[in-house]
Amino acid sequence: DAKVVLITGCSSGIGLSLAVRLASDPKKAFKVYATMRNLAKKERLLESVKGLHKDTLDILQMDVTSQQSILDAKGRVVEKRVDILVCNAGVGLMGPLEVQSLDSMRKILEVNLLGTIQTIQAFLPDMKAQGEGRILVTGSTGGLHGLPFNEVYCASKFAIEGACESLAVLLHHFNIHVSLIECGPVNTDFMVNLQKAELGDTCLQKVDNHTLKLYEKYLRHCGSIFQNSAQDTEDIVKVFQDAIQSPSPAFRYFTSGVMPPLTKLKITEPDGSQYISTMSKIIFSAEEQ
Ligand code: NAD
């Protein structure tokens, strides 16, 4: 029997690539429910599957911030079970903390944190009853170490780590495996979709010059990181596949293959000062190098 997979956030990026890859499995090992908040954006996914895989792919509307929408999507799963749940939907928020509105901060937490938890909640009782299941979550190195000008995004991704790790301990007793796929920069629409304060925006007028100078450096750093070392969604999909295929998947997968050196620094130097000075140097002293 094909494994039933439900993925959130499939209109672009990692979710889209994963849906396409699993739905095109030559052995038809998966029935994929690719969900997205806005069905008007399904063309890209449809184009990527080129009309093929009608029997292995279904597209459903699902907004992870709406419990009703999650339950409606769940109700449309013909097989009446989900074997593999992929919580992937997420958004970014970038800029000096003092310009972020309560509303935009709430939105990030609602999608990234509560959206993920709420999705898991909806499928968990059935998985427990089935006595097996997989929950995969798109994590971020921003959930493992802090990044300046990404405070609220990192807070949401750190929170996901706590929620998933806590859940994994319990679900160990239910034959349900939770895995975080920890991504560094990936070439997707993420940087387009994120809410970002642009230099010159009126909201930045109130911000002190020192912060603005550092923000400018950060944006340049970020641009060059994405240009030079971002992974493609295909690389990320391979890691998801490893986790899915493993009979006993790990809790954490690093898409680069190894724990990033900066994350390691947090463990080897637990007082945090090494991390802070190293990260600060990497981001803010580019010109001096
Ligand atoms: P993306 O912007 O292409 O994809 C994110 C998807 O989530 C979009 O399709 C968007 O429509 C969807 N989404 C947003 N709000 C939603 C909601 N309320 N309900 C349902 N779907 C919603 O970017 P991506 O890089 O593919 O992002 C996927 C995941 O990867 C995110 O959780 C992101 O935080 C994480 N991530 C991305 C990067 C990166 O550099 N691209 C790095 C680390 C982690």
Side-chain angles (χ1 to χ4, degrees), residues 6-21 33-45 48 59-73 85-94 104 106-120 122 136-145 147 150 152-161 163-164 180-196 221-237 239-240 252-256 260 262-263:
L6 186 139
I7 310 170
T8 67
C10 291
S11 60
S12 58
I14 298 168
L16 184 149
S17 286
L18 183 63
V20 172
R21 172 59 70 88
Y33 287 91
T35 74
M36 56 184 72
R37 181 184 37 183
N38 182 1
L39 282 182
K41 290 192 181 161
K42 70 177 176 193
E43 287 314 313
R44 203 150 137 195
L45 175 58
S48 310
I59 302 177
L60 299 177
Q61 194 276 335
M62 181 167 146
D63 178 345
V64 298
T65 64
S66 154
Q67 196 180 42
Q68 194 54 53
S69 158
I70 297 171
L71 294 177
D72 288 348
L85 174 67
V86 182
C87 296
N88 165 75
V91 278
L93 178 69
M94 199 184 276
S104 56
R106 275 207 179 107
K107 252 184 211 144
I108 294 300
L109 293 167
E110 243 166 52
V111 177
N112 295 4
L113 175 59
L114 297 176
T116 302
I117 291 181
Q118 179 160 248
T119 306
I120 294 173
L136 292 107
V137 178
T138 312
S140 170
T141 47
L144 300 169
H145 53 70
L147 300 166
N150 286 273
V152 186
Y153 176 71
C154 287
S156 74
K157 292 293 186 182
F158 267 66
I160 286 292
E161 296 281 324
C164 289
L180 277 158
I181 311 300
E182 312 283 14
C183 307
V186 188
N187 288 315
T188 65
D189 286 356
F190 186 78
M191 293 301 276
V192 181
N193 290 338
L194 66 57
Q195 258 199 63
K196 183 171 102 183
H221 164 81
C222 203
S224 78
I225 285 280
F226 267 87
Q227 205 163 25
N228 301 326
S229 50
Q231 289 184 288
D232 286 326
T233 57
E234 282 304 303
D235 305 324
I236 310 300
V237 165
V239 181
F240 270 96
R252 265 193 203 94
Y253 288 83
F254 297 99
T255 61
S256 58
L262 284 160
T263 310

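Read the numbers this way: they start at 1 and go in the same order the structure lists the ligands and their atoms. Side-chain atoms are counted along with the backbone in the values below, which use heavy atoms only and exclude waters and symmetry mates.
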Pair D189 + K41, salt bridge at N-O below 4.0 Å: no
At under 4.0 Å between heavy atoms, is it the side chain or the backbone of [X] that contacts ligand 1, or both, or neither?
| X | value |
| --- | --- |
| N193 | side chain |
| K157 | side chain |
| I14 | both |
| T233 | neither |

Which residue supplies the protein heavy atom nearest to [atom], what is that atom called, and how far is it?
| atom | answer |
| --- | --- |
| atom 18 (N) of ligand 1 | D63 OD1, 2.9 Å |
| atom 27 (O) of ligand 1 | F190 CD1, 4.2 Å |
| atom 36 (N) of ligand 1 | Y153 OH, 3.9 Å |
| atom 42 (C) of ligand 1 | G184 O, 3.0 Å |
| atom 12 (C) of ligand 1 | G9 CA, 3.8 Å |
| atom 20 (C) of ligand 1 | M62 O, 3.4 Å |
| atom 21 (N) of ligand 1 | A89 CB, 3.4 Å |
| atom 9 (O) of ligand 1 | S11 OG, 2.8 Å |

Side chain or backbone, does [X] bring an N or O within less than 3.5 Å of an N or O on ligand 1?
| X | result |
| --- | --- |
| G15 | no |
| S140 | no |
| V111 | no |
| S12 | yes |

Close-contact set for ligand 1 against [X] heavy atoms, below 4.0 Å:
| X | result |
| --- | --- |
| G13 | 3 (O), 26 (O) |
| T65 | 18 (N) |
| F226 | 40 (O) |

Could you tell me whether a side-chain N or O of [X] sits under 3.5 Å from a main-chain N or O of [Y], the two making a donor and an acceptor?
| X | Y | result |
| --- | --- | --- |
| T35 | I7 | yes |
| T188 | G13 | no |
| Q195 | S104 | no |
| N38 | A40 | yes |
| T65 | E110 | no |
| S17 | I14 | no |
| N88 | G9 | yes |
| N112 | V91 | yes |
| Q231 | G184 | no |
| E182 | Y253 | no |

So, does [X] sit close enough to ligand 1 that a heavy atom of it is under 4.0 Å from the ligand?
| X | result |
| --- | --- |
| T8 | no |
| S66 | no |
| G115 | no |
| S17 | no |
| E182 | no |

Residue pair C164 / V137: nearest heavy atoms and the distance that separates them: SG-CG2, 3.8 Å
Minimum heavy-atom distance between P185 and I225, given as atom pair plus value: CG-CG2, 3.5 Å
Side chain to side chain contact (heavy atoms under 4.5 Å, CB included) between M62 and I70, worked out: CA-CA 6 Å; M62 181 167 146; I70 297 171; 3.9 Å; yes
I want to confirm something. Looking only at heavy atoms, which of [options] is nearest to [atom]?
| atom | options | result |
| --- | --- | --- |
| atom 28 (C) of ligand 1 | T119, N88, T138 | N88 |
| atom 41 (N) of ligand 1 | V137, T188, V91 | T188 |
| atom 7 (O) of ligand 1 | P185, C10, C183, G90 | G90 |
| atom 19 (N) of ligand 1 | T35, V186, V64 | V64 |

Heavy-atom side-chain contact between E161 and L180 under 4.5 Å: yes
Min side-chain heavy-atom separation T138-C183 under 4.5 Å: yes
